Every structure is written in C-alpha cells, then in structure tokens.
Visitor: 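Encoded as structure tokens, here's the structure I'll be asking about.
Just so it is clear, the structure is predicted and the values come from calculations on it, not from any experiment.
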Amino acid sequence: MPLTEIKAALDTLPVSRSPTADDWRRLSAQWRGDLDQRIQQLTKLRDQLDGCIGCGCLSLASCPLRNPGDILGEAAADGRDRP
C-alpha cells in the first residue's frame, strides 16, 4: 500500500485519545478490498510468469503478459530483427 494512503488513513484516527480496537477494525476494513485485489493480481502474475521466464518468444499473440505497443515484440514475432 502506498505510504500516502496509510498516512491518510492514520490521519483519520482521533488525536484526543489512543486508537481503539474499533478504530483499527475500521481502517483494516477499508484496506481489505484493496489488499485482496492486489493479492489476486500478484497471484495471477506469478502463475503467468511460470511459462514466460526465459521463453524469449516476444509473442504478443500468445504471451499472457501482453505488452501492447511492443514494436520489438511484433518484429520478433514476424521473424525480423528490427522494426
């Protein structure tokens, strides 16, 4: 999580008293959805990398990590050295 988001959340805690368990639960509930989404994205990336690391195919047609606009990848897929 970006430090700016953490700071913004911590800034919502009361300054007149110590944070309570309810305060911490509120903050964690705000972060839970974002963290779940990030975990899902990273898991998907990890699983896709298994077939990509070292393959060198540069194929936009079959690469699960598609890189739109990758001119060098298109050239390699067409059998050319350069665009």
Visitor: Indicate, with yes or no, if Met1 and Leu45 share a hydrophobic cluster defined by side-chain heavy-atom contacts under 4.5 Å among Ile, Leu, Val, Met, Phe, Trp and Tyr.
Guide: no
Visitor: Could you list the residues that satisfy salt bridge (charged side-chain N to carboxylate O under 4.0 Å, His left out) with Arg26, not counting sequence neighbours?
Guide: none
Visitor: Shared ILVMFWY cluster between Leu27 and Ile39, side chains joined below 4.5 angstrom?
Guide: no
Visitor: Per the side chain to side chain contact (heavy atoms under 4.5 Å, CB included) rule, which among Ser28, Pro14, Ser18 passes with Asp23?
Guide: Pro14
Visitor: Should the heavy atoms of other residues, nucleotides or ligands under 6.0 Å from CD of Gln41 be counted, would the total exceed 12?
Guide: yes
Visitor: Just do the side-chain contact (heavy atoms from CB on, under 4.5 Å) check on Thr4 and Lys7 with the steps written out, would you?
Guide: CA-CA 5 Å; Thr4 54; Lys7 181 187 182 317; 5.7 Å; no
Visitor: Using a 6.0 Å cut-off, check whether atom CZ of Arg32 has over 12 heavy atoms from anything other than its own residue.
Guide: no
Visitor: Is there a continuous path of hydrophobic side-chain contacts, each under 4.5 Å between heavy atoms, that joins Trp31 to Leu42?
Guide: no
